[in-house]
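See below for the structure under consideration.
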Amino acid sequence: MTRHARNNTASACYSYHERQKDNKKGGYGTQRARLAKDSVKDFDACCLSLQPCRRPVVTPEGYLFDKESILEYIVHQKTEIARRVKEYEKQKRREERDELQQEAAKKKMKTDSFEKLERGLVNPNFFSNDASSSKVEETSASVSNMSGTKDKTLPSFWVPGMTPQSEKEKIEAPDTNVYCPVSGKPLKANKLIEVKFTPIDKASSSSLIAKKERYMCPVTHDALSNSIPCAVLRTSGSVVTLECVDKIIRKEMIDPINGKKMEEKDIIPLQRGGTGFASTNQLKAELKKPVMQA
């Protein structure tokens, strides 16, 4: 059987190429697209503002933020937590007040029932067949909806506040911790580490942001980019390549910038953005759509 280039209509099977082509035209199945390196942030960009950091700080998990942006985020989260705590305390006070009112209403109901029973026992006309006495008893019993324990409630049933649907949902006890917007782990301002990047050429007239290669490793002088794994040294705040860490720093565990003794926890791998290489990051965008069934 002969082939007809890419549009092989004489084949007995439904080929992969034909399925992909039909999915692209018909909009069925999962649509995938490969993203370029321009679609992700640079290694020296803030995870919140997505702009190059002016005063970079890094979390213990290796996520880079601009100091102004992350402090503003922490203040906003603490304000929101304080608002939730205040609402929760207000709800607790309201529940305690409702419980006290219910207990008082139960006590009053028991007292009223006891008093009615006592009045019935000592009333001389209780066992009398006189019609006038029965009429007095009937008129003494009030039919008003404001009598007894109902005097605390509104008599208007059409008021929205009295309907069951108007009750607010119960608020759970809020979490008082501030979490990192990227890693989701607890975040504290005193745990942020200041980062010091080493510029490549300080005498250049062009702006630092306009350069493609802005920083370098202070030990090996290799240019830093998304395609090169980097790490932050906690003792000095300098950014070096992981190759420098493996070949130089881990031998004696001494910071080459200031000569301080280091531990393994002082080496923080810097979380970088994506690159155009498939081995570095999975830069794929997927859109789930209905699957065409046979």
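We're numbering straight along the sequence, starting at 1. As the structure is a computational prediction, the values presented were derived from the model and not from experiment.
Remark: Met216 CE to Ser225 OG distance equals 14.5 Å, nearest 0.5 Å. To the nearest 0.5 angstrom, Leu64 atom CG is 10.5 Å from Gln271 atom CD. Within the model, atoms OG1 of Thr235 and CD1 of Ile257 stand 8.5 Å from one another, a figure rounded to the nearest 0.5 Å. The line from CD of Glu115 to NZ of Lys108 is 10.0 Å long, rounded to the nearest 0.5 Å.
The closest side-chain donor-acceptor pair between Asp255 and Ser236 falls under 3.5 angstrom.
Looking at heavy atoms from C-beta onward, Asp42 lies in side-chain contact with Asn226 at the 4.5 angstrom threshold. Contact check for Asp66 versus Leu48: no side-chain heavy atoms found under the 4.5 Å cut-off. In this structure, Phe197 and Cys53 have side chains that are not in contact, with every pair of non-hydrogen atoms separated by 4.5 Å or more. At least one side-chain heavy atom of Asp44 sits under 4.5 Å from a side-chain heavy atom of Tyr215. Looking only at side-chain heavy atoms (C-beta outward), Met262 and Ile267 come within less than 4.5 Å of each other. Side-chain contact between Cys46 and Ile70 is absent, with no heavy-atom pair separated by less than 4.5 Å. Side-chain contact check for Pro186 versus Tyr179: some heavy-atom pair is nearer than 4.5 Å. In this structure, Cys180 and Phe65 have side chains that are in contact, with non-hydrogen atoms separated by less than 4.5 Å.
Partners of Glu96 by side-chain contact (heavy atoms from CB on, under 4.5 Å), not counting sequence neighbours: none found. For the salt bridge (charged side-chain N to carboxylate O under 4.0 Å, His left out) test, no residue two or more places apart in sequence or in another chain qualifies with Glu89. With sequence neighbours excluded, no residue forms a salt bridge (charged side-chain N to carboxylate O under 4.0 Å, His left out) with Glu95. Remark: Ile193 engages Val58, Arg234, Ile268 in a side-chain contact (heavy atoms from CB on, under 4.5 Å) (not counting sequence neighbours). Qualifying salt bridge (charged side-chain N to carboxylate O under 4.0 Å, His left out) partners for Glu264, counting only residues two or more places apart in sequence or in other chains: Arg250. Among residues two or more places apart in sequence or in another chain, the side-chain contact (heavy atoms from CB on, under 4.5 Å) test is passed with Lys251 by none.
For Glu80, the CD atom counts as densely surrounded, since its 6.0 Å shell holds more than 12 non-hydrogen atoms of other residues, nucleotides or ligands. At most 12 heavy atoms of other shown residues, nucleotides or ligands fall within 6.0 angstrom of atom CZ in Arg55. Remark: Lys110 NZ is loosely packed, at most 12 non-hydrogen atoms of other residues, nucleotides or ligands lying under 6.0 Å away. Annotation: Gln77, atom CD; neighbour count of heavy atoms from other residues, nucleotides and ligands within 6.0 Å is above 12. By the neighbour-count criterion of 12 heavy atoms within 6.0 Å, atom CD of Glu194 is sparsely surrounded, having that number or fewer from other residues, nucleotides or ligands.
Judged by distance alone, the side chain of Gln91 and the main-chain N or O of Ile171 form a donor-acceptor pair under 3.5 Å. For Asp266 (side chain) and Glu263 (main-chain N/O), a donor-acceptor pair under 3.5 Å exists by modelled atom type.
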Quiz item: Can you list the steps and then say if Gln101 with Asp98 is a side-chain contact (heavy atoms from CB on, under 4.5 Å)?
Solution: CA-CA 5 Å; Gln101 289 179 357; Asp98 293 342; 4.2 Å; yes
Exercise. Step by step, work out the side-chain contact (heavy atoms from CB on, under 4.5 Å) result for Phe43 and Ile228.
Key: CA-CA 9 Å; Phe43 75 100; Ile228 299 177; over 6 Å; no
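Applying side-chain contact (heavy atoms from CB on, under 4.5 Å) to Leu233 and the options Val219, Val239, Ile249 leaves one that passes, Ile249.
Classification of Glu87 and Arg83 as a salt-bridged pair holds, one side-chain N sitting under 4.0 Å from a carboxylate O.
In terms of heavy atoms, Ala189 sits closest to Leu71 at CB-CD2, 4.1 Å.
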